[in-house]
Amino acid sequence: MTDSNALLPLDAVRRVEPSKPGKGAPVPAPSRPVARVAVDNPLPHLDRPFDYLVPVTMHETAEPGVRVRVRFAGQLVDGFVLERVEESDHTGKLTALERVVSGERVLTGEIAGLARAVADRYAGTLADVLRLAIPPRHARAEANPPRPAETTAAPTEPVPSTPGDAATGPVPGMSGDAATGPVPGMPGDAATGPVSGQPGDAAADTPTSPVTDTTGGTPVPADNAPAGPWDDYPMGPSFLDALRNGRTPRAVWSALPGAKGWAWAVAEAVRATLDGGRGAVVVVPDGKDVALADAELTRVLGDGRHVALTADLGPAERYRRWLRVLRGQVRAVVGTRAAVFAPVAALGLVAIWDDGDDLHAERLAPYPHAREVLALRAHRTGAAMLIGGYTRTAEATQLIASRWARPIVAARTTIRSLAPRVHPAGEDAELAKDQAARQARLPSLAWRALRQGLESGPVLVQVPRRGYLPALACQNCRAPARCALPPTRLSTAPGAEASEPYADIPGLAMAATAGRGTKHGGLRLESEPGSAGPSSCHGPLGLRGGHSAPYCRWCGRVDAGWRCPNCGGHRLRAVVVGARRTAEELGRAFPSVPVRTSGRDGVLATVPATRALVVATPGAEPVAEGGYAAAVLLDAWALLGRPDLRATEEALRRWTNAAALLRPGAEVVVLGDAALPVVQALLRWDPITHAERELAERAELGFPPAVRMATLTGSAAAVRQMLDETRLPDGAQVLGPVPVDEAGRERAMIRVPRGGGGALAAALKGASGVRAARKAPDVVRVSVDPLDLI
DNA sequence: TCAATCCGTATC
DNA sequence: ATACGGATTGAC
């Protein structure tokens, strides 16, 4: 028994281990007897590969990428073989693999490297990311043999390591060239190799001239006769050419509103990529958009060349489709956020639609954002990237500013010809005379637009999500109730380091949710009644459960003596009324017109071109055949009143998503003050100026994407302890902690300049590791660049 | 001097 | 989590 162990490299075994009864010591595999395994363990300080002995019985099957069961710390756990090597660095006895779960090599080298990069970026563990990346196995689906016709078409198998892995550091990429056979060429490997920075850091990076080609190139070749969706954009055709020619264009695409449809454009981009011999991944916010894109891909590509991956498929079907991608039977994928990890080989394009939709943020640790994962993936593999939407996020704008991506925008005249006509109706707009419409709180402008639209087709009414917003308005005059107390301001306390760019942070008052004027860590709240700016806080008021007095959702203070500045009333009412109730009221205002609703409990994908009143919540608007004849956007104040950093960006995104469904030139009435820049942006269909202003504002406030931010949330003691134990990188600044809820939980924010993100994530990971190793009782949730920064 | 127990640490 | 090694303690 010990004789066979003599083959092992390191036998400093002092005692002869008594072997388990009935089981001899395993005979090692004849070559590469060591498997490096990514073990599915949740502990941050154990987030590295572990070596196991490959018994000869598993020599053939324990290939890189397969699922295995291993004994780890006395328990049987799942894992993935990352690579097979000759020797181990481990100076102890190697435990043997317990079992190869299946021969299917589900973890490709590319995805292993990507998952490592995502974990590093978000201060999370590889195991957590792999859980997101690889769907649960379904044995029956695996057993179904691939159809021969499809397998011969694309001989792609798990892709061996990309050279880029080496640049990323301790990546468990399967680098052994012995591990796999001949490599199908990875386009863009050359581009990936020398690049070490993350996409977002491009500005701070060494000049890698990421935008090498395409969009700046020569304009359209004159010969393409049929007008495609990209012909409306001056840079569109050259973008498609670059995709077709295997290059790496990265574009932020401001989609035109209207019937031509974003899904068609995306499908054409996918077709160009496939034509160039590469694969594509398309990520959209929800199932309705998957259905739209799926239909367009089928129309443009024909049957069987792509798959749709959504959460609601069920485990078997989901795994079956995913395997078709893994096995190279299809090379194009459209799906919701989990599809960012779809194992498409020889990736040529990653695309994301409407990257401002918060559905793109993963809800499971480490909370990666689809746009960021795709950008990392594109960067690592040398794939092209397309970030599309009617509006532009500050993050996408940042990618343009750092020259990582180029804009694709239509000419002003084209935009004007396709955009709807938008009319604002301010808060004080005259209510409709019609009794029922008055009941539905519909201004006469809106009522007229709907009535006129209904003469020729379906009309859309966008209402706030039910239960979405506990904001208040004056019961008497409906003026929004806002905080009348003097403004508060957060400043760094003496002693806390205030590095130059963040010395003063106007507007950070929003970060404080508690109104005690007490000191919290390095920050304190102070009143500055005499300072420049508004004489009162103006935060939206809300009601907390059980209390009768309203509190400010920005500064947290209770304002028992609130009086309406408009009419002097002192009674408040909830502003938000759900879709159903609004639908009922509108139905009475327009008897004889069918009312259809689309919302949380029942999303309609499409409605026919017939006259109908379609009431929908944001994100659930059905596409109307031929476009809507008119629309009314009712949730302006609900959106803008939100105590959210992204409130205006989000409002514009939702408005344009609804308005884009209209026929060109149709009328939109938005219940919002025309003086607001965000209303102006909708009126002029100019999301770009708005996004640029937004980015500038974030830079001024020191918020992402201008900086990299992380939040720590947990019990007050735990958060403080973790802050103490974190070796923060240079230039890091701590805000808070401040209370976040009534359970005494607190949240601290840490920000670093762009480019310091990696160091910050590493520091936080280290600190969580220390806490986990010590078995610290309360968990501190770490979130890098979370959406809800308030 | 030895065995039972506690504690900290690594987990291959 | 759990198993292990080393330190500690208590009794002979």
Side-chain angles (χ1 to χ4, degrees), chain A residues 1-2 4-21 23-59 61-101 107 112 115-116 119 124-131 169-176 179 365 718 721 725 765-780:
Chain A
M1 288 196 280
T2 31
S4 55
N5 273 337
L7 286 176
L8 284 176
L10 31 94
D11 248 354
V13 189
R14 277 161 304 187
R15 299 183 294 149
V16 176
E17 292 289 333
S19 47
K20 277 169 235 158
K23 244 190 177 182
V27 178
S31 67
R32 294 175 295 123
V34 175
R36 312 202 73 208
V37 175
V39 177
D40 185 17
N41 82 308
L43 303 173
H45 59 296
L46 299 184
D47 185 18
R48 57 196 155 85
F50 288 88
D51 291 353
Y52 285 82
L53 180 73
V54 181
V56 65
T57 52
M58 303 180 200
H59 177 51
T61 49
E63 283 291 304
V66 302
R67 287 178 217 266
V68 289
R69 295 280 282 173
V70 295
R71 200 162 286 282
F72 185 75
Q75 310 192 107
L76 270 184
V77 295
D78 293 315
F80 299 96
V81 174
L82 294 170
E83 52 181 335
R84 285 279 294 274
V85 292
E86 286 298 336
E87 295 190 26
S88 171
D89 300 338
H90 183 56
T91 56
K93 189 173 185 278
L94 292 191
T95 304
L97 296 174
E98 192 76 21
R99 179 163 84 83
V100 173
V101 175
L107 179 59
R116 180 71 266 167
T125 64
L126 181 66
D128 278 345
V129 180
L130 289 179
R131 263 194 293 271
V171 170
M174 292 176 278
S175 51
Q721 194 184 36
E725 287 166 356
K765 173 96 174 285
S768 336
V770 169
R771 287 178 56 75
R774 202 195 313 131
K775 293 194 266 280
D778 345 295
V779 283
V780 174

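Throughout, protein chains are lettered first and strands after them, A, B, ... in sequence-line order, and every chain is numbered starting at 1.
Nucleotide C:dA1 holds its P atom 9 Å from the CD atom of A:Gln75, rounded to whole Å. Straight-line distance from the CG atom of A:Leu76 to the C1' atom of B:dC12: 14 Å, rounded to whole Å. Following rounding to the nearest Å, A:Asp78 (CG) and B:dC12 (P) show an atom-to-atom distance of 16 Å.
A:Arg771 pairs by the salt bridge (Lys or Arg N to Asp or Glu O under 4.0 Å) definition with nothing, not counting sequence neighbours. The salt bridge (Lys or Arg N to Asp or Glu O under 4.0 Å) check on A:Arg48 picks up nothing, with sequence neighbours excluded. Taking the side-chain contact (heavy atoms from CB on, under 4.5 Å) definition, one finds that A:Ala119 meets it with A:Arg116, A:Val129, sequence neighbours left out. Legend: residues meeting side-chain hydrogen bond (donor to acceptor under 3.5 Å, both in side chains) with A:Arg67, ordered by chain and number and at least two apart, are A:Tyr319. Scanning for side-chain hydrogen bond (donor to acceptor under 3.5 Å, both in side chains) contacts around A:Asn41 gives an empty result, with sequence neighbours left out.
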For nucleotides 5-11 of chain B, tabulate all protein N/O to nucleotide N/O atom pairs closer than 3.5 Å, reporting atom names and distance.
residue	atom	partner	partner atom	Å
B:dT11	O4	A:His45	NE2	3.3

